[in-house]
Student: 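Let me begin by handing over the structure; questions about it come next.
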Number of protein chains: 2
Amino acid sequence: MFIGEYKHTTDAKGRISIPKVFRDDLGESFYIAKGLDQSIFVFAQKEWDEIQEKLRSLPLTSKKGRAFTRTFNAGASKCSLDASGRILIPQNLREYAGIDKDTYVIGVGTRVEIWAKDVWEQYNEDELSYDELADSMEELGI
Amino acid sequence: MFIGEYKHTTDAKGRISIPKVFRDDLGESFYIAKGLDQSIFVFAQKEWDEIQEKLRSLPLTSKKGRAFTRTFNAGASKCSLDASGRILIPQNLREYAGIDKDTYVIGVGTRVEIWAKDVWEQYNEDELSYDELADSMEELGI
DNA sequence: ATTTTCATGTTTATCGGTGAATACAAACAC
DNA sequence: GTGTTTGTATTCACCGATAAACATGAAAAT
């Protein structure tokens, strides 16, 4: 279970140190993929397998299914921690997320997300206030 | 499992270097064929056999089945990596995909796809908007 | 037979990824 | 408070993958 918000830095080569508390849960090797809202998703192996299972069930004959599988897989890569607990964020994902140095790594329950500092802060300002979100949650039955 | 997006260049002779990470999974010899959405498909032997199996099961009486089998097989060829890890993309496929120099090689799970840079970038703009991606993910419960 | 063309091989240079070492900072124990 | 431990940041150096250029050789054309 991934929780918490951590401000880390991405180095000149595009590597970022994964918060210590996430490392065990991520395991030996895990996956990084293009996320939503200009973020990067990081999935543990188990979670990844479940997603792939769902993707396999999509009909290949459907244009939309092909498109999604394609985009999702193309934007993903397998990764593992180096000796210092870092991963390399692929360049295309760095560009997508607008990451160059100041970065946030946040735990979102089933996955980890990586955000450029500016994007994350902007998102928190722009998006619905926490109170408003709480109201919406009620609609979702939480 | 093929994943990731790699920007490579096709040389003047129509050769392109296959990403190192794909080479083992592709094996000694593999197949290149006309793909969908103006892309080129590359299949490992095993995957190729399965496709051929499916094609064989198509009723010979079906006009569309015959046509597809014909086009698919006619446009395909067996290939292998040269000493530098490159393959030669047959000219007809290069023309079909609009490839001349800047090229993307992407992993799509069960196969590799080769795209002309412009076509791939256009496809990503057109086909799968951000909202659609989000919706698809929601349907999948991600 | 000579030239031309095309496919294939080889070499070199560059750049990005990878690893290791060190420095810094925060948390904790005493 | 001081010293120790642990986690993160930074830097440097190396290695390997890719790109580009060049070389070789075979087949086709004249």
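Proteins get letters first, then strands, A, B, ... in listed order; numbering begins at 1 in each.
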Student: Using the ring of each side chain (for Trp, its six-membered ring), is A/Trp120 parallel, tilted or perpendicular to A/Tyr123, with breaks at 30° and 60°?
Tutor: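 Answer is parallel, since the angle falls under 30°.
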Student: Just to confirm, is there a sub-4.0 Å distance from OP1 or OP2 of C/dT5 to any side-chain nitrogen or oxygen of B/Lys13?
Tutor: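 Answer no for this pair, as no side-chain N or O of B/Lys13 is under 4.0 Å from OP1 or OP2.
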Student: Please figure out whether B/Ser17 or A/Ile18 has its closest DNA chain D nucleotide nearer the 5' end.
Tutor: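 Counting from the 5' end, the first nearest nucleotide belongs to A/Ile18.
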Student: How would you label the contact of B/Lys20 with the nucleic acid (heavy atoms, under 4.0 Å): base, sugar-phosphate, or nothing?
Tutor: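 Here B/Lys20 touches the backbone only, sparing every base.
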Student: Between P on D/dT8 and OH on A/Tyr104, what's the gap in Å once rounded to a whole number?
Tutor: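 My rounded result for the distance is 15 Å.
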Student: Would you indicate which nucleotide in D/dT11, D/dT10, D/dA20 comes nearest to any side-chain atom of B/Lys101?
Tutor: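 The answer is D/dA20.
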Student: Rounded to whole angstrom units, what separation is found between the NE2 atom of A/His8 and the C1' atom of D/dT6?
Tutor: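 Interatomic distance, NE2 of A/His8 to C1' of D/dT6: 13 Å.
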Student: Could you tell me how far apart A/Tyr6 (OH) and D/dT6 (P) are, to the nearest whole angstrom?
Tutor: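 Going from A/Tyr6 (OH) to D/dT6 (P), I get 18 Å.
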Student: What distance do A/Ile99 atom CD1 and A/Ile40 atom CD1 have between them, rounded to the nearest 0.5 Å?
Tutor: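 With rounding to 0.5 Å, CD1 (A/Ile99) is 4.0 Å from CD1 (A/Ile40).
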Student: What's the separation between atom CD in A/Gln45 and atom CZ in A/Phe30, rounded to the nearest 0.5 Å?
Tutor: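 Output value for this atom pair is 11.0 Å.
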Student: In plain terms, say whether B/Lys46 and B/Glu50 are close enough for a salt bridge, that is, a side-chain N and a carboxylate O under 4.0 Å apart.
Tutor: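 Salt bridge: yes.
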Student: Near DNA chain D, under 4.0 Å by heavy atom, which residues of residues 76-95 of chain A?
Tutor: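 Output list: A/Arg86.
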Student: Within the pair A/Thr9 and D/dT10, is there a side-chain N or O less than 4.0 Å away from OP1 or OP2?
Tutor: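 Answer is yes, contact under 4.0 Å.
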Student: Nearest 0.5 Å, what's the OG1-CE distance between A/Thr110 and A/Met1?
Tutor: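 Answer for the OG1-CE pair, A/Thr110 versus A/Met1, is 8.0 Å.
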Student: Going by the angle between their ring planes, with limits at 30° and 60°, are B/Phe72 and B/Phe68 parallel, tilted or perpendicular?
Tutor: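 B/Phe72 and B/Phe68: parallel rings.
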Student: How many Å lie between CG on B/Asp11 and P on C/dT11, as a whole number?
Tutor: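 Atom CG in B/Asp11 sits about 17 Å away from atom P in C/dT11.
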Student: Is there a side chain to side chain contact (heavy atoms under 4.5 Å, CB included) between A/Tyr31 and A/Gln52 once you walk through the steps?
Tutor: CA-CA 11 Å; A/Tyr31 296 84; A/Gln52 288 297 325; over 6 Å; no
Student: Just N and O in the side chain of A/Arg15: are any of them under 4.0 Å from OP1 or OP2 of D/dT8?
Tutor: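 Answer no for this pair, as no side-chain N or O of A/Arg15 is under 4.0 Å from OP1 or OP2.
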Student: For the residue pair A/Phe22 and A/Phe2, categorise the inter-ring angle as parallel (less than 30°), tilted (30 to 60°) or perpendicular (more than 60°).
Tutor: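 The rings of A/Phe22 and A/Phe2 stand perpendicular, inter-plane angle above 60°.
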Student: Could you tell me whether A/Arg111 and A/Glu113 make a salt bridge, using a distance below 4.0 angstrom between a side-chain N and a carboxylate O?
Tutor: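 Yes, A/Arg111 and A/Glu113 are salt-bridged.
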Student: For the helix from C/dA1-D/dT30 to C/dC30-D/dG1, what is the angle between the axes at its two ends, each from 5 pairs, rounded to 10°?
Tutor: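 That helix has its two terminal axes inclined by roughly 10°.
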Student: Need to verify one output field. Residue with the more 5' nearest nucleotide on DNA chain D, A/Thr10 or B/Ile16?
Tutor: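 Counting from the 5' end, the first nearest nucleotide belongs to A/Thr10.
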